[in-house]
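Everything numeric in this text was worked out from a predicted model, so none of it was measured.
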Amino acid sequence: MTEWQGAEYEAVSRLQQELAAAALGAVTLADGEHVLDVGCGDGRVTAAIAARTPSGRVLGVDPSHDMIAFAARTHAAPNLAFEVGDARTLGHAGAFDRVVSFNALHWVHEQDAALRAIHAALRPGGRALLQLVPRTQRRSLEDAIEAVAASPPWTAQLPAHRTPFAHPYPGAFAALAESAGFAIERLEVLEGAFDFGSRAAFARFAHATFVAWTGELPADLIDAFIADVLDRWAGGTIFAYDQLRVALRRP
């Protein structure tokens with residue numbers, strides 16, 4: 001797994017924070033709830049959840065050691081903890097009232113295993129709110145990155161490259177959730193757009209978030225790769241996107 005850098009990501013993650021905040025705005029958290037945040041990244045959203053349930057317990061897990069180290073030293077509260085963890089093997093059987101995950105699960109190829117692990121981490125009656133990038137008619141930014149990676153001269157620089165994401169069709173993801181034992185309470189595809197304001201700002205975002213590709217490149221080629229992606233994107237400074245939001249309940 002490519003390491004994400006917590007400090008660099010935190011500096012450019014306003015888009016992800018806004019998406020998570022919008023999703024959480026529709027959730028009523030009772031004080032005292034135990035909450036698991038899967039793919040917590042820099043921990044800012046996890047800390048916001050902890051502030052909403054001061055008598056509860058909130059755990060953020062992420063596979064990136066650097067992200068978890070950054071989150072732990074940046075966000076401290078008596079009811080908040082962070083640990084390195086894999087979405088496919090979460091453990092903590094029946095320990096949580098709620099599981100949330102914001103823009104993390106599309107980086108997991110084995111989404112069936114992740115859904116089973118989330119189901120197992122919930123107590124009976126517990127709920128999950130998951131948000132990720134789906135496969136729709138809209139071309140995603142990740143699709144544009146993959147198109148550049150598969151074109152000269154980048155194929156020679158990325159000989160062992162494997163597509164690092166899995167964008168599920170909404171119906172297919174729903175079927176996986178039901179197979180994992182969940183009841184689906186709500187499933188919706190949301191459209192949005194974010195204006196970085198300048199190509200330089202978009203490039204800074206790319207430096208922090210394209211690591212599944214740029215981590216395989218020599219450092220002196222990263223800027224050129226990002227420039228090719230932004231040219232291929234052809235959307236200027238506008239990042240248009242789709243989000244799949246799914247509310248699940250463990251019966």
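Taking all atoms of both residues into account, the shortest heavy-atom contact from Ala208 to Val211 is O-CG1, 3.7 Å. Looking at every heavy atom in both residues, Glu216 comes nearest to Ala212 through OE2-O, 3.2 Å. Taking both residues in full, the closest heavy atoms of Thr163 and Glu146 are given as OG1-OE1, 2.6 Å, listed atom of the first, atom of the second, then distance. When every heavy atom of Leu105 is checked against every heavy atom of Ala114, the shortest pair comes out as CD2-CB, 4.1 Å. What you find for Pro168 and Phe173 is that their closest heavy atoms are CG-CD1, 3.8 Å.
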| request: List the steps and the verdict of salt bridge (Lys or Arg N to Asp or Glu O under 4.0 Å) for Arg138 and Glu191. | output: CA-CA 10 Å; Arg138 187 198 302 270; Glu191 297 181 355; 3.8 Å; yes
| query | Taking it one step at a time, do Phe225 and Trp154 satisfy ring pair (Phe, Tyr, Trp, His ring centres under 6.0 Å)? | reply | CA-CA 8 Å; Phe225 180 81; Trp154 302 110; 5.2 Å; yes
| task | With side-chain contact (heavy atoms from CB on, under 4.5 Å) as the test, would you mind laying out the steps for Glu142 and His167 before giving the verdict? | result | CA-CA 9 Å; Glu142 290 90 350; His167 292 171; 3.4 Å; yes
| field | Check against side-chain contact (heavy atoms from CB on, under 4.5 Å), Cys40 and Met67 | value | CA-CA 8 Å; Cys40 66; Met67 282 287 206; over 6 Å; no
| task | Check the pair Asp231, Arg199 against salt bridge (Lys or Arg N to Asp or Glu O under 4.0 Å), reporting the backbone distance first and the verdict last. | result | CA-CA 10 Å; Asp231 289 343; Arg199 184 177 170 107; 3.1 Å; yes
| message | Applying side-chain contact (heavy atoms from CB on, under 4.5 Å) to Thr74 and Asp42, what does each step give before you reach the verdict? | response | CA-CA 8 Å; Thr74 306; Asp42 60 26; over 6 Å; no
| query | Stepwise, does the side-chain contact (heavy atoms from CB on, under 4.5 Å) test hold for Leu80 with His75? | reply | CA-CA 8 Å; Leu80 177 62; His75 306 286; 4.0 Å; yes
| request: Go through the steps to decide whether Glu33 and Thr53 satisfy the test side-chain hydrogen bond (donor to acceptor under 3.5 Å, both in side chains), and finish with yes or no. | output: CA-CA 6 Å; Glu33 283 198 45; Thr53 178; over 6 Å; no
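In this structure the side chain of Arg249 reaches within 4.5 angstrom of the side chain of Pro251, judged on heavy atoms. No side-chain heavy atom of Leu36 sits under 4.5 Å from any side-chain heavy atom of Arg98. Looking at heavy atoms from C-beta onward, Pro134 lies out of side-chain contact with Tyr169 at the 4.5 angstrom threshold. When side chains are defined from C-beta on, Leu141 counts as touching Phe202, because their heavy atoms get closer than 4.5 Å. Using a 4.5 Å cut-off on side-chain heavy atoms (C-beta onward), Phe182 and Leu130 make no contact. The closest side-chain heavy-atom distance from Asp242 to Val133 is not below 4.5 Å. Side-chain contact between His207 and Asp223: present, with at least one pair of heavy atoms (C-beta onward) separated by less than 4.5 Å. Within the 4.5 Å cutoff, the side chain of Glu83 has heavy atoms near those of the Leu59 side chain.
Going from atom CD1 of Ile184 over to atom CZ of Arg186 covers 12.0 Å, rounded to the nearest 0.5 Å. Here the CD1 atom belonging to Ile145 is positioned 7.5 Å from the CZ atom belonging to Phe165, to the nearest 0.5 angstrom. Taken from CH2 in Trp107 to OG in Ser64, the straight-line distance is 13.0 Å, to the nearest 0.5 Å. Atom CD1 of residue Ile222 and atom OG1 of residue Thr214 lie 5.0 Å apart, to the nearest 0.5 angstrom. Summarising the geometry, atom CD belonging to Gln137 is positioned 14.5 Å from atom CZ belonging to Arg139; distances are rounded to the nearest 0.5 Å. From Arg88, atom CZ reaches atom CD of Glu110 across 4.5 Å, with rounding to the nearest 0.5 Å.
One finds no salt bridge joining Asp143 and Arg232 here, because no Lys/Arg side-chain nitrogen approaches an Asp/Glu carboxylate oxygen to under 4.0 Å.
Linking Ile, Leu, Val, Met, Phe, Trp and Tyr residues whenever their side-chain heavy atoms come within less than 4.5 Å places Val35 and Leu129 in a single cluster. Cluster annotation: Ile118 is not connected to Val45 through the hydrophobic network of ILVMFWY side chains, with a link wherever side-chain heavy atoms come within less than 4.5 Å. Phe96 and Val58 fall into different hydrophobic clusters, defined by Ile, Leu, Val, Met, Phe, Trp and Tyr side-chain heavy atoms under 4.5 Å apart, directly or through other members. Residues Leu132 and Leu90 share a single hydrophobic cluster, defined by chaining ILVMFWY side chains whose heavy atoms lie under 4.5 Å apart. Follow the hydrophobic side-chain contacts under 4.5 Å out from Val108 and you reach Val61 in the same cluster.
For the side-chain hydrogen bond (donor to acceptor under 3.5 Å, both in side chains) test with Asp97, the passing option among Arg57, Arg123, His34 is Arg123; the others fail. Phe205 pairs in a ring-ring contact (aromatic ring centres under 6.0 Å, His included) with only one of the listed residues (Phe196, Trp233, Phe194), which is Phe196.
A distance-only check finds a donor-acceptor pair linking the side chain of Asp62 to the backbone of Gly41 [under 3.5 Å]. Here the side chain of Asn79 pairs no donor or acceptor atom with the backbone of Ser55 at under 3.5 angstrom. Under a 3.5 Å cut-off, the side chain of Ser101 and the backbone N or O of Val38 do form a donor-acceptor pair. Asp112 contributes no side-chain N or O that, together with a main-chain N or O of Leu176, makes up a donor-acceptor pair within less than 3.5 Å.
If you check the side chains of His106 and Gln131, you find no donor sitting under 3.5 Å from an acceptor. Side-chain atoms of Asn103 and Gln243 include a donor-acceptor pair closer than 3.5 Å.
Using bins of under 30°, 30° to 60° and over 60° for the plane-to-plane angle, the ring pair His161/Trp213 lands in the tilted bin.
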